[in-house]
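Accompanying notes for the structure given below.
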Amino acid sequence: NDWTSGFELIRDLVIDALDPDDDGDGWLTALEDANGNGNWLDDDTDGDGSPNYRDTDSDNDGYTDGDELLAGTDPLDPLSFPAPPPAVPL
């Protein structure tokens with residue numbers, strides 16, 4: 001058992017039990033229930049071993065969940081991601 005379970009020592013120094021957004025991605029932890037079974041602890045959309053509520057890129061598309069929320073794309077769908085910035089002519 002990981003002794004750090006329940007503690008967020010790196011991101012914002014708030015104990016997870018008191019933190020409404022454990023991974024700091026802009027989604028409330030309780031809303032990260034991707035499979036809709038009422039248990040957000042067992043969701044791992046991208047299968048990387050990190051549950052969505054602790055994963056800053058839940059669909060592993062290279063964009064953080066927070067960036068996708070700001071762009072209006074779906075952070076749980078790897079085919080939905082922000083448009084890349086336009087190329088700058090040299």
Side-chain angles (χ1 to χ4, degrees):
N1 194 6
D2 181 0
W3 70 272
T4 62
S5 179
F7 295 94
E8 189 172 310
L9 301 175
I10 308 258
R11 292 189 186 94
D12 59 15
L13 300 177
V14 177
I15 296 172
D16 286 344
L18 303 175
D19 191 347
D21 180 11
D22 290 347
D23 59 3
D25 65 359
W27 278 53
L28 296 177
T29 297
L31 298 178
E32 297 199 57
D33 183 19
N35 64 15
N37 70 351
N39 180 5
W40 46 266
L41 294 171
D42 68 355
D43 296 292
D44 181 12
T45 303
D46 57 11
D48 65 356
S50 181
N52 290 351
Y53 81 98
R54 307 275 300 170
D55 195 342
T56 58
D57 181 10
S58 297
D59 59 9
N60 203 28
D61 61 3
Y63 295 90
T64 67
D65 295 349
D67 287 344
E68 290 202 55
L69 287 172
L70 289 173
T73 59
D74 184 350
L76 301 177
D77 180 353
L79 300 177
S80 172
F81 48 84
V88 177
L90 299 176

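The first residue in the sequence is number 1, and the count goes up from there.
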*Taking C-beta and beyond as the side chain, do E68 and D61 meet within less than 4.5 Å on heavy atoms?*
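They are in side-chain contact.
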For the residue pair [X] and [Y], what are the closest heavy atoms and their distance?
X	Y	result
D59	D77	OD2-O, 2.8 Å
S58	P75	CB-O, 3.8 Å
D44	S50	OD1-O, 3.0 Å

*Have a look at N52 and tell me which of L41, D43, N35 forms a side-chain contact (heavy atoms from CB on, under 4.5 Å) with it.*
D43
*Criterion side-chain hydrogen bond (donor to acceptor under 3.5 Å, both in side chains) on T64 and D67, from CA distance to verdict*: CA-CA 5 Å; T64 67; D67 287 344; 3.2 Å; yes
_side-chain contact (heavy atoms from CB on, under 4.5 Å) between D57 and D55, intermediate numbers included_ = CA-CA 5 Å; D57 181 10; D55 195 342; 4.3 Å; yes
*Co-membership, hydrophobic cluster, residues L76 and L69, 4.5 Å side-chain*: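 Yes, same cluster.
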*Any side-chain donor near an acceptor of the partner, N37 and D42, under 3.5 Å*: yes
